[in-house]
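Encoded as structure tokens, the structure appears first; notes follow it.
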There are 2 protein chains.
Amino acid sequence: MTAKFKIDDVAKECGLTKRTLRYYEEIGLLSPPERTDGGIRMYTQEHIDRLKRLINARDVLGFSLQELQRYISITEELESHRQGYRQISDDKEKLPKLIQLEPVVKNQLVIIEEKLEKMIEMRDEIQQFLNRVQAAIARMNGENEQ
Amino acid sequence: MTAKFKIDDVAKECGLTKRTLRYYEEIGLLSPPERTDGGIRMYTQEHIDRLKRLINARDVLGFSLQELQRYISITEELESHRQGYRQISDDKEKLPKLIQLEPVVKNQLVIIEEKLEKMIEMRDEIQQFLNRVQAAIARMNGENEQ
DNA sequence: GTTACAGTTGACGTTAACGTTAACTTAGGA
DNA sequence: TCCTAAGTTAACGTTAACGTCAACTGTAAC
């Protein structure tokens, strides 16, 4: 039996609030967890893993929650494929889905690579600026010591 | 005399709306341009350049407009240094400013590099996923042709 | 000079992404 | 069994980042 987590455990583990967790569930970003008889949410480790990837994409890519829904639905497909359940009868249903999926993933990749390039440019600019600042400080200190 | 631009020219050039330009000025993100006698804003090329860097940082780094204010004030320092006006009397005033500035820039760099790392991870994950999807499609097509 | 288009300043409206409060229920230890 | 801490839903509040509308003014071409 996989260990279960209450909402506050998950919140603390992921650096979110309970409100945010319920909100993400409300807008369909997080799949509703099982409940106890009393109605209390019991999250699994998978929920936590998913949340962390979500937060990562939100912070790093700056995606809106709407965009995250699409992004997650993609990596969801990934998971179901990772499971490795493959029967030939199943494949016939999957092929069109895969063919639909391919350009979407490809596009996702292009977007990230564009951002990556720009980000590297910005890093280099700031790096150079830092170098100049440090050089200026060193130079001025040198003058003072003479 | 440097060419001047009206608000709608700038808006189109930068892919923003006029409202957004006025808003950015209102919150101190964009320095107020000169006005005609009638009160009409006349932007310079520098305004445009600055705006483009702003938009870049907003989109790529996902900074809030508040964070952008800090970010911009840094690159502002950069510009004033790039100008290269240096007198020894001036230096004495600048040294403490530089010493204050250095850790801020350094920190900015750290933040960007962290994001960069995570971004590269995500790109690799998606890349691998794409490979699997394409392999699956190829495999299924192969089966069909037999 | 007048017409039409683009500019100006308020001021109120909107959407996303939660925060906060209230009123109530559940779970688990003493 | 009772008490408290943590859970639940429902509903209203808040902030950022603009959109939109109204009422008015400046500018360029005719």
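Because the structure is predicted, anything quoted here is derived from the model rather than measured. Chain letters run A, B, ... following the sequence lines, proteins first, then strands; residues in each count from 1.
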Should [X] be listed as having a side-chain N or O under 4.0 Å from OP1 or OP2 of [N]?
X	N	result
B/K18	C/dA6	no
A/Y24	C/dC18	yes
B/R41	C/dG7	no
B/R22	D/dG19	no
A/T20	C/dG19	yes
A/R58	C/dA16	no

Cationic N near anionic O, under 4.0 Å, [X] to [Y]:
X	Y	value
A/E114	A/K118	no
A/D49	A/R53	no
A/E34	A/R41	no

Euclidean distance, atom [atom1] of residue [X] to atom [atom2] of [N] [Å, nearest integer]:
X	N	atom1	atom2	result
B/Q66	D/dC18	CD	P	13 Å
B/E26	D/dA16	CD	C1'	12 Å
B/I27	D/dC18	CD1	P	8 Å
A/M42	D/dA6	CE	C1'	12 Å
B/L21	C/dT9	CG	P	12 Å
A/D8	D/dT4	CG	P	20 Å
B/L65	D/dA16	CG	C1'	8 Å
A/Y23	C/dT15	OH	C1'	9 Å

Quiz prompt | Proximity to the side chain of A/I7 - top-ranked nucleotide from C/dA17, C/dT9, D/dT8 | solution = D/dT8

Quiz prompt | Check: B/F129 and A/L101 side chains under 4.5 Å, non-hydrogen atoms | solution = yes

Self-check item: Minimum heavy-atom distance A/Y71-B/I126, with the two atoms named
Solution: CE1-CD1, 3.9 Å

Self-check item: Shortest non-hydrogen contact between A/L29 and A/Q69, atoms and distance
Solution: CD1-CG, 3.5 Å

Quiz item: Taking N and O atoms by type only, does the side chain of B/R19 place a donor or acceptor under 3.5 Å from a partner on the base of D/dT20?
Solution: yes

Quiz item: Around atom CD of A/Q66, are there more than 12 heavy atoms of other residues, nucleotides or ligands at under 6.0 Å?
Solution: no

Practice problem: Any chance you could list the contact pattern along nucleotides 21-30 of chain D? Use B for base contacts, S for sugar-phosphate-only contacts and - for none, protein heavy atoms under 4.0 Å, 5' to 3'. | Solution: -----SS---

